Novice: 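My questions will all concern the structure given below.
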Amino acid sequence: MKVYDSMAKEIISLNLSKDEVVKVFVCGPTVQDNFHVGHARTYIFFDSLVKYLRVRGYSVFYLQNITDIDDKIINRANEEGVDYIEVSEKFTSEYMQLMNLLHIDSVNFYARATLHIPEIINQISELVQKGYAYETSDGVYFRVSKFNDFGRLSGQNMDALKSGSRVDLNEQKSDPRDFVIWKKYKPGEPFWESPWGKGRPGWHIEDTAITEKYFGPTYHIHGSGTDLIFPHHEAEIAIERSISGSPKLADYWIHSAMININDEKMSKSLKNYVKIREVLVDYWPEELRYALLNAQFKTSINFSPEILQEARQNVNQISILYRKLSLKGRNYKNNLGENAKIKVLENILDKNIDFRQLFTEVLSMVGEWNRNLDTMNDPEVTEALQTIYWVDSFTNIVRRGSGVSSVKGAVEILLSLRKEMRSRKEFGIADGIRADLKDLGIYIEDKGEETIWWTSEEKGSDKN
RNA sequence: GGAUAGGUGGCAGAGUGGUCAUGCGUGGGACUGCAGAUCCCAUCUAUUAGGGUUCGAAUCCCUACCUAUCCUCCA
């Protein structure tokens, strides 16, 4: 299995062992505001990546942090005249709900920063002791000049950073590149006691304190969106390696590209974002997942109604075929691993975890299965079902209508009535039944003497 | 200015030297009582520009131009 690694800046082999737990850390959100499609992309991608690793037999522990103390959270709380905890609780809960809606269920543990203050203070103390950090009147800062690998991941030139710095010059830092790891208390702000007085943690050190606690000084995969490479990941590397002395923090660095809108990055500060909630009014989670996985992870996606519409088409095509196949046979969970189609798909993914290429190949298989649907024998049906089931097990893009709902009996009575009407050429009545069922989310399809049906609610603009 | 990733049809997007895949869209056809689903055919005269290497370049080299992200908080 290979993947583009941001540190190596090329596609390299992912050498992971199946005999030990694979430790994956992905930077979670700051719980300060509504979540947008950009967040969705990153977390859907890593969800599918981790699930795929598991499908391939790796035992993965997927850790994510939640930044629940931060300037922006405090500012928002002040604006609204509430305690910061109200803000962070509200959006933490919203985040969890969205993850649930989007089928993002691969994370083993969400670690909140405010529940790791002792670990953070320990790290700062160590850094101060070793001379990597110094105290000023407003906080404790990391001394970047003591860590000579700073800038390697992001390709930043140390001197250029120094001179061309856009960083605040007002602070009492001894070097403009130095970053804050402890912020001293100002009136009205939440605080924790520390050897440097009341205060709260800086952002970068939250993650290292958390990963060190659960993973130790090094782990296997570190992921997030590309926008966190600098300075956040440089800072994490500097902090943890200064403490541990290890030559690396993570074996692999995987960064997913941004979501753009009108060719510009979607972001809170530009106010050009589309909320996940808004998308889910008109589109199913499976459709959003498809749209966001339907690109190489290193390629930015220009978000538009067109990509959602395309996703809807393809999700429908795969889902409807899946339904038809499952009416033909149900032993698709057997004999996984002997499936030649799955082998083909594995080979595609193993080149660079490219879900778009996976989808392209799946769609061509779907075309073939549709062509042969009437003549497929049992092993072929099983193979097809297994394959779609396998793909769905880590992508979650198949919409599963059900033919065994609680209304099954009633539907079948109506269908036999409709059959009778059709044989009497009472097409008005027959079509009326079909239309009424459709309004209830029950789709039927005539094929010769047979009529198959499934349930599938409609969403958004397609309704009517 | 530096770093990174790119510039292929209406859109999306494969393709590291030899008739420019594929998907969406659009048009037509088959099937159907009609639909739906599905299939077939077509369409869109597409490789940023200019040089070079080559029998031959989207693909290799050079130059220019352009786009996005990062170089401040951000997934």
Side-chain angles (χ1 to χ4, degrees), chain A residues 4 6 9 26-30 32-33 35-46 64 67 70-72 75 151-157 159-161 163-168 176-177 179 203 223-234 255-260 263-270 273 291 294-296 298-302 304-314 316-317 320-321 323-324 354 356-357 359-364 366-374 422-423 425-428 430-431 434-435 438 443-448 451-454:
Chain A
Y4 182 94
S6 309
K9 293 176 179 53
V26 172
C27 293
T30 300
Q32 54 152 91
D33 201 350
F35 301 97
H36 57 67
V37 179
H39 298 104
R41 188 203 185 165
T42 298
Y43 298 123
I44 289 170
F45 172 74
F46 284 103
Q64 207 178 98
T67 299
D70 177 81
D71 287 4
K72 289 187 175 175
N75 291 344
R152 195 174 126 211
L153 176 67
S154 57
Q156 298 298 321
N157 177 300
D159 299 330
L161 277 178
S163 54
S165 175
R166 288 194 270 163
V167 180
D168 259 340
R177 299 168 303 179
F179 54 87
W203 177 38
S224 81
T226 53
D227 54 349
L228 297 193
I229 293 174
F230 190 95
H232 186 51
H233 292 165
E234 296 287 5
H255 292 100
S256 65
M258 296 293 101
I259 294 277
N260 290 356
D263 292 317
E264 204 171 28
K265 178 183 168 184
M266 181 180 291
S267 73
K268 286 171 191 164
S269 36
L270 287 171
Y273 59 88
N294 195 24
Q296 264 190 278
K298 286 297 291 174
T299 304
S300 55
I301 293 176
N302 208 16
S304 68
E306 284 76 23
I307 69 163
L308 290 169
Q309 213 44 49
E310 182 176 337
R312 166 163 289 175
Q313 281 301 328
N314 294 335
N316 276 341
Q317 195 179 26
I320 289 169
L321 175 69
R323 168 72 182 143
K324 288 179 182 172
D354 185 345
R356 183 187 171 96
Q357 245 174 13
F359 291 159
T360 301
E361 187 59 34
V362 168
L363 288 175
S364 102
V366 166
E368 188 189 322
W369 289 322
N370 269 321
R371 273 189 292 280
N372 301 331
L373 195 58
D374 293 331
R422 289 181 71 209
S423 70
K425 307 237 188 277
E426 296 275 6
F427 295 121
D431 292 353
R434 181 170 62 196
K438 188 182 177 205
Y443 285 74
I444 66 174
E445 195 177 308
D446 295 323
K447 193 167 175 198
T451 298
I452 63 171
W453 67 280
W454 65 91

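Keep in mind it's a predicted model, so treat the numbers as computed, not measured. Reckoned from all heavy atoms, side chains included, excluding hydrogens, waters and symmetry mates.
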Novice: Without decimals, in angstroms, what is the distance between A:Arg422 CZ and B:A35 P?
Specialist: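 So the two atoms are 13 Å apart, to the nearest Å.
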
Novice: Could you tell me how far B:C39 sits from B:U63 if I compare only their P atoms? Round to whole Å.
Specialist: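 Taking atom P in both B:U63 and B:C39, they lie 48 Å apart.
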
Novice: Which dot-bracket string describes RNA chain B (Watson-Crick N1-N3 plus N6-O4 or O6-N4, or G-U N1-O2 and O6-N3, all under 3.5 Å; [ ] crossing; | other strand)?
Specialist: (((((((..(((.....[...)))((((((.......))))))....(((((..]....))))))))))))....

Novice: Would you kindly give the CE-to-C1' distance between A:Met258 and B:U69, to the nearest whole Å?
Specialist: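 Going from A:Met258 (CE) to B:U69 (C1'), I get 8 Å.
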
Novice: Between A:Thr226 and A:Ala257, what is the shortest heavy-atom contact and its length?
Specialist: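 Residues A:Thr226 and A:Ala257, closest heavy atoms: CG2-CA, 4.0 Å.
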
Novice: Students often mix this up, so state it plainly: with edges at 30° and 60°, are the rings of A:His39 and A:Phe35 parallel, tilted or perpendicular?
Specialist: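 Plane angle over 60°, so perpendicular.
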
Novice: Strictly under 4.0 angstrom, non-hydrogen atoms only: write out the protein contact profile of nucleotides 3-13 of chain B, one letter per nucleotide from the 5' end, B, S or -.
Specialist: SSS------BS

Novice: Checking side-chain polar atoms at under 3.5 Å, does A:Gln32 have a donor or acceptor matched by the opposite partner on A:Thr30?
Specialist: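 Judged by distance alone, the side chains do not pair up.
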
Novice: Indicate yes or no: does A:Lys447 engage A:Asp374 in a salt bridge with an N to O separation below 4.0 Å.
Specialist: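 Salt bridge flag = yes for A:Asp374 with A:Lys447.
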
Novice: Using the P atom on both, measure B:A35 against B:G28 and round to a whole Å.
Specialist: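 Nearest-Å result for B:A35 against B:G28 at atom P: 14 Å.
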
Novice: Using a strict 4.0 Å threshold on nitrogen-to-oxygen distance, state whether A:Arg422 and A:Asp446 make a salt bridge.
Specialist: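 Yes, this pair counts.
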
Novice: Please give the distance between the C1' atoms of B:A14 and B:U59 as a whole number of Å.
Specialist: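 Here B:A14 and B:U59 have their C1' atoms 13 Å from each other.
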
Novice: Calculate the interatomic distance between A:Phe230 atom CZ and B:C71 atom P; express it in whole Å.
Specialist: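 A:Phe230 atom CZ is separated from B:C71 atom P by 8 Å.
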
Novice: Using the C1' atom on both, measure B:U47 against B:A58 and round to a whole Å.
Specialist: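 5 Å, rounded to whole Å.
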
Novice: Measure across A:Leu153 and A:Lys9 and return the closest heavy-atom pair with its distance rounded to 0.1 Å.
Specialist: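 It is O-NZ, 3.0 Å.
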
Novice: What's the CD-P distance between A:Gln313 and B:G25, to the nearest Å?
Specialist: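 The distance from CD of A:Gln313 to P of B:G25 comes to 4 Å, rounded to the nearest Å.
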
Novice: Over all strands shown, is A:Asp263 touching base, sugar-phosphate only, or nothing at heavy-atom distances under 4.0 angstrom?
Specialist: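 Contact class for A:Asp263: sugar-phosphate only.
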
Novice: Nearest whole Å is fine: how far is B:A68 P from A:Lys265 NZ?
Specialist: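 In whole Å, B:A68 P and A:Lys265 NZ are 13 Å from each other.
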
Novice: Considering only atom C1', compute the distance from B:U8 to B:A12 and round it to an integer number of Å.
Specialist: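 Result for the C1' pair: 11 Å, nearest Å.
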
Novice: Contact class for A:Leu321 vs. all strands (heavy atom < 4.0 Å): base, sugar-phosphate, or nothing?
Specialist: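 If one applies the 4.0 Å heavy-atom cut-off, A:Leu321 turns out to touch nothing in the nucleic acid.
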
Novice: Give a yes or no on whether the backbone of A:Leu373 and the side-chain of A:Lys324 come within a donor-acceptor separation of less than 3.5 Å.
Specialist: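 Checked: no pair found.
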
Novice: Where each residue is assigned the nucleotide of RNA chain B containing its nearest heavy atom, which of A:Ile259 and A:Arg434 is assigned the position nearer the 5′ end?
Specialist: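 Whichever sits nearer the 5' end wins; that is A:Arg434.
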
Novice: B:C62 and B:A3: how far apart are their P atoms, nearest whole angstrom?
Specialist: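 Approximately 15 Å lies between the P atom of B:C62 and that of B:A3.
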
Novice: With sugar-phosphate meaning primed atoms plus P, OP1 and OP2, does A:Gln357 contact a base, only sugar-phosphate, or nothing at under 4.0 Å between heavy atoms?
Specialist: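 Contact class for A:Gln357: sugar-phosphate only.
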
Novice: Does OP1 or OP2 of B:A75 have a side-chain N or O of A:Lys268 closer than 4.0 Å?
Specialist: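 Indeed, a polar side-chain atom of A:Lys268 lies that close.
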
Novice: B:U69 P sits how many Å from A:Asp227 CG, rounded?
Specialist: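 That distance rounds to 11 Å.
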
Novice: Between B:C71 atom C1' and A:His232 atom NE2, what is the distance in whole Å?
Specialist: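 Nearest whole value for this atom pair: 17 Å.
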
Novice: Taking the P atom in each of B:A37 and B:C24, what is the distance between them to the nearest angstrom?
Specialist: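 Going atom to atom, P in each nucleotide, I get 13 Å.
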
Novice: Which letter, B, S or -, goes with each nucleotide of nucleotides 36-44 of chain B from 5' to 3', with contact meaning a protein heavy atom under 4.0 Å?
Specialist: BSSSS----

Novice: What nucleotide among B:C73, B:G33, B:A75 has an atom nearest to a side-chain atom of A:Met266?
Specialist: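 Looking only at heavy atoms from C-beta outward on A:Met266, the closest nucleotide is B:A75.
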
Novice: Using the C1' atom as the point on both nucleotides, what is the distance between B:C44 and B:U53, in whole Å?
Specialist: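 One C1' to the other, the span is 34 Å.
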
Novice: Mind listing the closest non-hydrogen atom pair of A:Leu321 and A:Val366 along with its distance?
Specialist: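 So the minimum-distance heavy-atom pair works out to CD2-CG1, 3.7 Å.
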
Novice: Do A:Trp454 and A:Ile320 touch side chain to side chain, with heavy atoms closer than 4.5 Å?
Specialist: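 The answer is yes; the side chains approach within 4.5 Å.
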
Novice: Tell me: CG of A:Leu228 to C1' of B:U72, nearest whole Å?
Specialist: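 Rounded to the whole Å, the gap is 13 Å.
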
Novice: Counting any heavy atom closer than 4.0 Å, what does A:Asn314 reach on the DNA or RNA strands: base, sugar-phosphate only, or nothing?
Specialist: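 If one applies the 4.0 Å heavy-atom cut-off, A:Asn314 turns out to touch the sugar-phosphate alone, with no base involved.
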
Novice: Taking all atoms of both residues into account, what is the closest heavy-atom pair of A:Phe45 and A:Ser256, and its distance?
Specialist: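 Between these two residues, the closest heavy atoms are CD2-CB, 4.2 Å.
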
Novice: Can a donor-acceptor pair be found, under 3.5 Å and without considering hydrogens, that links the side chain of A:Arg41 to the backbone of A:Met258?
Specialist: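 Indeed, once roles are kept as given, a pair shorter than 3.5 Å links the two residues.
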
Novice: For a quick test of reading the model, state the closest non-hydrogen atom pair linking A:Ala291 to A:Ile301 and the distance between them.
Specialist: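 The answer is O-CD1, 4.1 Å.
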
Novice: How would you label the contact of A:His255 with the nucleic acid (heavy atoms, under 4.0 Å): base, sugar-phosphate, or nothing?
Specialist: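 Counting heavy atoms under 4.0 Å across all strands, no contact is made by A:His255.
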
Novice: Is the closest side-chain heavy-atom distance between A:Gln156 and A:Pro231 below 4.5 Å?
Specialist: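 Contact flag for A:Gln156/A:Pro231 side chains = no.
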
Novice: Any idea which heavy atoms bring A:Pro29 and A:Gln64 closest together, and the distance?
Specialist: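 Scanning both residues, the minimum pair turns out to be CD-OE1, 4.0 Å.
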
Novice: So, do A:Tyr43 and B:A75 meet the stacking rule of ring centres under 5.5 Å and planes under 30°?
Specialist: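 Check failed, A:Tyr43 does not stack on base of B:A75.
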
